[in-house]
Amino acid sequence: MPEIVLLSDPRISEVPVDECGEPLVDLRTLEAVRVDGRLADPEGAFAHVRLSVADRLIAAQTRLPRTLRLLIVEGFRPAPLQRRYFAESVAAHLAGHPGWDERRAHVEASRYVSPPEVAPHVSGGAVDLTLCTASGVEVPMGTQVNATPPESDEACYTGFPGISPEARRNRDVLGEAMTSAGFVNYPTEWWHWSYGDRYWAFSTGSRSARYGPAS
């Protein structure tokens with residue numbers, strides 16, 4: 001697999017943000033994509049993304065075979081929740097590896113949970129998603145959405161070579177549709193795609209990110 005740049009890499013936090021002020025929109029109001037409720041929160045934050053992200057999701061849907069649909073699992077994530085997720089991940093790594101220091105645990109945690117200061121979901125620019133049939137049945141992707149590297153033996157990595165041919169085809173179909181719509185993938189998570197955040201700016205060579213933290 002190619003070299004993976006993690007969100008903990010200093011080059012990501014060095015990307016400046018030129019906030020464009022786009023609002024968050026509720027994907028549940030759109031007919032073009034499906035929203036899954038497995039990570040639903042009482043306020044409905046999970047179903048929101050920035051306006052241009054929503055437009056690009058619609059564009060990505062048009063690039064899929066007619067038998068497939070995007071299935072959105074999570075979009076916007078409030079900053080306090082992101083801080084909690086990351087702190088819990090760091091603590092779990094430290095507990096499981098007594099010889100590690102804080103920095104090592106921070107880097108390893110960032111393979112799966114974004115450091116809060118650069119987290120794509122906090123910006124409203126990121127979306128976790130998979131594919132399903134027109135009747136709503138999820139198709140094989142090699143792992144479940146949100147599988148961690150340890151529990152999946154790194155099969156959650158987008159380019160992992162050991163998944164089934166069917167899962168590889170499905171990942172490729174998803175990747176082609178999302179890339180053509182302007183998204184970039186976080187390569188340790190096949191389901192995670194973003195636009196307008198710092199990781200997107202770094203990956204595309206843009207001068208700055210379009211989105212800072214949203215609310």
Hey, quick one: are [X] and [Y] part of the same hydrophobic cluster, counting side-chain heavy atoms closer than 4.5 Å, chains of contacts allowed?
X: Val53; Y: Trp193; value: yes
X: Val107; Y: Phe202; value: yes
X: Val113; Y: Ile4; value: yes

Would you indicate whether the side-chain heavy atoms of [Y] and [X] approach each other to under 4.5 Å?
X: Thr188; Y: Glu154; answer: no
X: Val49; Y: Leu27; answer: yes
X: Val15; Y: Tyr199; answer: no
X: Gln82; Y: Ser114; answer: yes
X: Val90; Y: Leu94; answer: yes
X: Pro149; Y: Tyr157; answer: yes
X: Leu7; Y: Tyr186; answer: yes
X: Leu68; Y: Val173; answer: yes

Atom pair [atom1]/[atom2] of [X] and [Y] - distance to nearest 0.5 Å:
X: Met178; Y: Phe183; atom1: CE; atom2: CZ; result: 4.0 Å
X: His121; Y: Ser123; atom1: NE2; atom2: OG; result: 9.0 Å
X: Thr130; Y: Leu174; atom1: OG1; atom2: CG; result: 7.0 Å
X: Glu43; Y: His48; atom1: CD; atom2: NE2; result: 10.5 Å

Pair up each side-chain donor or acceptor in residues 136-146 with any protein partner under 3.5 Å, not counting sequence neighbours, and list the distances.
unit_1: Glu138; atom_1: OE2; unit_2: Arg38; atom_2: NH2; d: 2.5
unit_1: Thr143; atom_1: OG1; unit_2: Trp190; atom_2: NE1; d: 2.8
unit_1: Asn146; atom_1: OD1; unit_2: Trp191; atom_2: NE1; d: 3.4

Does [X] use its side chain to pair, donor to acceptor, with the backbone of [Y] at less than 3.5 Å?
X: Arg77; Y: Glu74; value: no
X: Thr62; Y: Ala59; value: yes
X: Asn185; Y: Glu189; value: yes
X: Glu22; Y: Ser52; value: yes
X: Ser89; Y: Tyr85; value: no
X: Glu151; Y: Thr148; value: yes
X: His97; Y: His93; value: yes

Pairs satisfying salt bridge (charged side-chain N to carboxylate O under 4.0 Å, His left out), at least one member in residues 190-199, at least two apart: none
Hey, could you give me each pair passing salt bridge (charged side-chain N to carboxylate O under 4.0 Å, His left out) that has a residue in residues 163-182? Not counting sequence neighbours. Arg168-Asp172
Quickly, which of Leu57, Ile58, Val25 forms a side chain to side chain contact (heavy atoms under 4.5 Å, CB included) with Leu30? Name it, please.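 When Leu57, Ile58, Val25 are each tested with Leu30, the side chain to side chain contact (heavy atoms under 4.5 Å, CB included) holds only for Ile58.
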Please name the pair of heavy atoms, one in [X] and one in [Y], separated by the smallest distance, quoted to 0.1 Å.
X: Ala126; Y: His192; answer: CB-CE1, 3.7 Å
X: Arg56; Y: Ala181; answer: CG-O, 3.0 Å
X: Arg69; Y: Thr133; answer: CG-O, 4.1 Å
X: Ala177; Y: Arg63; answer: O-CD, 4.0 Å
X: Leu24; Y: Ser215; answer: CD1-O, 3.4 Å
X: Ala214; Y: Gly124; answer: CB-N, 4.4 Å

With side-chain contact (heavy atoms from CB on, under 4.5 Å) as the criterion, how do Phe46 and Ile72 come out once you've worked through the C-alpha distance, each side chain's angles and the decisive distance to 0.1 Å? CA-CA 9 Å; Phe46 81 106; Ile72 311 301; over 6 Å; no
Can you tell me if Tyr195 and Arg210 form a side-chain donor-acceptor pair at under 3.5 Å?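 Indeed, the side chains of Tyr195 and Arg210 share at least one donor-acceptor pair under 3.5 Å.
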Does one side chain, of Glu19 or Tyr211, offer a donor that lies under 3.5 Å from an acceptor on the other? no
Show your reasoning for whether side-chain contact (heavy atoms from CB on, under 4.5 Å) applies to Val184 and Ser194. CA-CA 5 Å; Val184 299; Ser194 67; 3.7 Å; yes
Test: Asp26 and Arg28 ion pair at under 4.0 Å: yes
As a quick check of understanding, evaluate side-chain contact (heavy atoms from CB on, under 4.5 Å) for Leu64 and Leu70, giving each step before the final call. CA-CA 8 Å; Leu64 290 175; Leu70 296 177; 3.7 Å; yes
Using the rule given for side-chain contact (heavy atoms from CB on, under 4.5 Å), can you reason through Val5 versus Arg11, listing the C-alpha separation, both sets of side-chain angles and the distance that settles it, and then say yes or no? CA-CA 9 Å; Val5 177; Arg11 291 175 291 178; 3.7 Å; yes
